[in-house]
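Just so we're on the same page: letters track the sequence lines, and every chain starts at 1.
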2 protein chains.
Amino acid sequence: MNGKRYSRQRELIYEALRQTDEHPTAEMVYHWLKPENPNLSLGTVYRNLNLLADEGTIRRMAFPVERYDARTEPHPHFCCDRCGCVYDLEMPYDPELDRQALLASGHDVTGHAVTFHGLCVKCKPLH
Amino acid sequence: MNGKRYSRQRELIYEALRQTDEHPTAEMVYHWLKPENPNLSLGTVYRNLNLLADEGTIRRMAFPVERYDARTEPHPHFCCDRCGCVYDLEMPYDPELDRQALLASGHDVTGHAVTFHGLCVKCKPLH
DNA sequence: AGAATAAACAGTAACTATTACTGTTATTGA
DNA sequence: TCAATAACAGTAATAGTTACTGTTTATTCT
């Protein structure tokens, strides 16, 4: 009753995402599928990606908007899922991780960012 | 000679950023400064934040656009500074870090994301 | 199976974040 | 002090994303 129905487009979008490791943007998914599905709409891609991400079937990766920090030395951040606030965290930065990443991938790793998420001290009480 | 000049607006913007730990967006900085500086332009804030970030005086934090991943279990990523490609990294995820973050901050930490950056294997040879 | 209900769609308009452009102001080196 | 031009204010344009409108279609209930 209350809710979600099957849709061929959602299936398509999800399958496209499962078949790749490119971490595509909505635009990319749209362009992959459009030729075979000429009347697929970009809005549909966005809607379904958000839908799938909200239900936890796929994963969203990015801050919504660009933020800036005057502390330039690398340090971890905490980003609240509820209010969107970003906090600094006083935790050690481990350069050894970069070496491990290089070994695991072969890429020329120059640094890394750690971002924790959850509910911040202000939002926690509010449920 | 070669370029950069002093500007009161850049100074203002940088000082505002140094005085806070809110990791503000360009919009936030603009709204803080606008009342005291009625003819400050939002474009100027964007331009100077980017300028300061490019020269390494401040730090930018975000992917430019939203990306999606069908692998929902937490795992680190590598984002190439040159081509913008995003790769999965086969490295262990350490849940212990979340506990440490909780202890350090008091926030209700539910997870973390690690994003390495540098030049990917394709871009490395191209300089 | 066939009709009724509403979720999901395509197409498009609107909105938000960011960058580019234009004419003006102001820093700087001579 | 003055010419050269970086940086500015204001605004237009662009890019990414979301919302709206009328239509299609999956599901539910006979």
Side-chain angles (χ1 to χ4, degrees), chain A residues 1-17 22-55 57-69 79 81 83-86, chain B residues 1-17 22-55 57-69 79 81 83-86:
Chain A
M1 187 125 268
N2 73 324
K4 227 153 275 178
R5 290 184 182 170
Y6 171 84
S7 104
R8 176 169 155 64
Q9 288 87 339
R10 181 149 59 244
E11 180 85 37
L12 269 172
I13 290 164
Y14 181 50
E15 280 311 310
L17 193 59
E22 286 192 54
H23 308 77
T25 63
E27 191 79 26
M28 287 162 77
V29 173
Y30 175 68
H31 279 113
W32 291 340
L33 299 177
K34 186 68 174 176
E36 306 280 285
N37 306 270
N39 54 357
L40 176 68
S41 171
L42 178 58
T44 298
V45 176
Y46 273 104
R47 185 162 22 79
N48 281 297
L49 286 173
N50 284 332
L51 214 148
L52 291 165
D54 288 345
E55 77 183 22
T57 309
I58 68 173
R59 198 166 240 266
R60 210 184 258 114
M61 30 189 305
F63 283 115
V65 297
E66 199 104 39
R67 286 176 170 259
Y68 299 89
D69 190 349
C79 180
D81 291 333
C83 70
C85 281
V86 177
Chain B
M1 184 118 275
N2 71 326
K4 226 154 275 178
R5 291 181 183 175
Y6 171 83
S7 105
R8 176 170 154 62
Q9 288 87 342
R10 182 149 58 243
E11 179 85 38
L12 269 171
I13 289 163
Y14 181 49
E15 279 312 308
L17 193 59
E22 285 192 55
H23 307 78
T25 63
E27 190 80 24
M28 288 162 79
V29 172
Y30 175 69
H31 279 113
W32 291 340
L33 299 177
K34 186 67 173 175
E36 308 279 287
N37 306 270
N39 54 358
L40 176 69
S41 171
L42 179 57
T44 298
V45 176
Y46 272 105
R47 186 160 23 77
N48 280 297
L49 286 172
N50 284 333
L51 213 148
L52 291 166
D54 287 345
E55 75 183 22
T57 309
I58 67 172
R59 197 167 241 266
R60 210 183 259 116
M61 30 189 304
F63 282 116
V65 298
E66 198 105 40
R67 286 176 169 261
Y68 300 88
D69 189 349
C79 181
D81 291 333
C83 70
C85 282
V86 177

| note | Heavy atoms of A:His31 and A:Pro35 approach each other most closely as O-CD, 3.2 Å

| said: Checking A:Arg60 now: which residues fulfil side chain to side chain donor-acceptor pair (under 3.5 Å) with it, not counting sequence neighbours? | reply: A:Asn50, A:Asp54

| task | Tell me whether the OP1 or OP2 atom of C:dC9 has a side-chain N or O from A:Ser7 closer than 4.0 Å. | result | yes

| query | A:Asn50 side chain N/O closer than 4.0 Å to the phosphate oxygens (OP1, OP2) of D:dT18? | reply | yes

| task | Report the distance from atom CG of A:Leu52 to atom P of C:dA7, rounded to the nearest whole Å. | result | 17 Å

| remark: Atom CG of A:Asp54 and atom P of C:dA7 are separated, to the nearest Å, by 16 Å

| How long is the span from the CE atom in B:Met28 to the NE2 atom in B:His23, to the nearest 0.5 Å? | 10.5 Å

| message | Nearest whole Å is fine: how far is C:dC9 C1' from A:Ile13 CD1? | response | 11 Å

Give every pair of a protein N or O atom and an N or O atom of nucleotides 9-15 of chain D that lie under 3.5 Å apart, one pair per line with the distance.
residue : atom : partner : partner atom : Å
D:dA9   : OP1  : B:Gln9  : NE2          : 3.4
D:dA9   : OP1  : B:Asn39 : O            : 2.8
D:dA9   : OP2  : B:Ser41 : N            : 3.3
D:dA9   : OP2  : B:Thr44 : OG1          : 2.2
D:dA9   : O5'  : B:Asn39 : O            : 3.1
D:dG10  : N7   : B:Ser41 : OG           : 3.1

| request: Remember a base hit wins even if backbone is also touched, and classify B:Arg8 as base, sugar-phosphate or nothing at under 4.0 Å, heavy atoms. | output: nothing

| said: In whole Å, I'd like the distance from the CD atom of B:Glu66 to the C1' atom of C:dT16. | reply: 14 Å

| field | Chi angles and distances behind the side-chain contact (heavy atoms from CB on, under 4.5 Å) call for A:Leu12, A:Glu36 | value | CA-CA 11 Å; A:Leu12 269 172; A:Glu36 306 280 285; over 6 Å; no

| How close or far is atom P of C:dT18 from atom CG of B:Leu51, stated in whole angstroms? | 16 Å

| message | From CD of B:Glu11 over to P of D:dA7, roughly how many Å is that when rounded to an integer? | response | 14 Å

| request: May I have the distance from B:Met28 (atom CE) to C:dT16 (atom P), rounded to whole angstrom? | output: 17 Å

| Excluding sequence neighbours, so at least two apart, what forms side-chain contact (heavy atoms from CB on, under 4.5 Å) with A:Ile58? | A:Tyr14, A:Leu17, A:Leu49, A:Leu52, A:Ala53, B:Tyr68

| Are there more than 12 heavy atoms of other residues, nucleotides or ligands under 6.0 Å from atom CD of B:Glu55? | yes

| Terminal helix-axis angle for the helix from C:dA1-D:dT30 to C:dA30-D:dT1, with five pairs defining each axis and rounding to 10 degrees | 40°

| said: Go nucleotide by nucleotide along DNA chain D from the 5' end; which of B:Asn48 and B:Tyr68 gets its closest nucleotide reached first? | reply: B:Asn48

| How long is the line joining OH of A:Tyr30 and P of C:dT12, in whole Å? | 10 Å

| remark: Taken in chain and number order and not counting sequence neighbours, the residues that satisfy side chain to side chain donor-acceptor pair (under 3.5 Å) with B:Asn48 are B:Arg10

| query | Can you tell me how far the CH2 atom of A:Trp32 sits from the CG atom of A:Asn37, to the nearest 0.5 Å? | reply | 14.0 Å

| message | Quiz question: going by heavy-atom distance under 3.5 Å, is there a donor-acceptor pair between the base of C:dA8 and the side chain of A:Arg10? | response | no

| Between B:Tyr46 and C:dT18, does any side-chain N or O lie under 4.0 Å from OP1 or OP2? | yes

| Nearest-0.5 Å distance, CG of residue A:Asn39 to NZ of residue A:Lys34 | 6.5 Å

| request: Classify the nucleic acid contact of B:Tyr6 as base, sugar-phosphate or nothing, counting any heavy atom under 4.0 Å across all strands shown. | output: sugar-phosphate

| message | Quick check on DNA chain C: between B:Arg5 and B:Thr25, whose nearest nucleotide comes earlier from the 5' end? | response | B:Thr25

| message | Could you work out, with side-chain contact (heavy atoms from CB on, under 4.5 Å) as the rule, every residue matching B:Ser41, not counting sequence neighbours? | response | B:Thr44

